[in-house]
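Here is the structure we will look at, set down as structure tokens.
Note that the numbering runs from 1 along the sequence shown for the chain. For clarity, every value in this text was computed on a predicted model and none was experimentally measured.
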Amino acid sequence: MAAMVIKTLCIGCGVCSQMCPKQAITVRVKTAHVDETLCDECEECVFACPNGAITV
Ligand code: SF4
Ligand code: SF4
């Protein structure tokens, strides 16, 4: 399954977007969104998020 953002925990900091090697994450209206067609489940974003707001 592609990475999933827990919206109640995401603060829209954009760190995950910067770390994603597939450019699969965009931040819109202070929440990260994952393009499931681009995500390869590498989990970089999971480790990068300071709020534990992404799971794979
Ligand atoms: S799991 Fe990897 S490819 Fe998928 S959104 Fe996170 S950093 Fe990007
Ligand atoms: S790193 Fe975490 S808190 Fe920051 S935008 Fe991504 S999911 Fe949201």
Spacing of [atom1] belonging to [X] relative to [atom2] belonging to [Y], to within rounding of 0.5 Å:
| X | Y | atom1 | atom2 | result |
| --- | --- | --- | --- | --- |
| Lys22 | Leu38 | NZ | CG | 8.5 Å |
| Glu44 | Cys39 | CD | SG | 11.0 Å |
| His33 | Ser17 | NE2 | OG | 11.0 Å |

*asked:* Taking transitive links into account, so neighbours of neighbours count too, which hydrophobic residues share a cluster with Val56 at under 4.5 Å side-chain distance?
replied: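 Taking Ile, Leu, Val, Met, Phe, Trp and Tyr as members, Val56 shares its hydrophobic cluster with Val5, Ile25, Val34, Val46, Ile54.
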
*Write down the atom of Cys10, the atom of Ala32, and the distance for their closest heavy-atom approach.*
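Scanning both residues completely, I find the closest heavy atoms to be SG-N, 3.4 Å.
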
*Mind listing the closest non-hydrogen atom pair of Ala48 and Met19 along with its distance?*
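In this case the closest contact between Ala48 and Met19 is CB-CG, 3.5 Å.
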
*Got more than 12 heavy atoms from elsewhere within 6.0 Å of CD, Glu36?*
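Count not over threshold, so no.
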
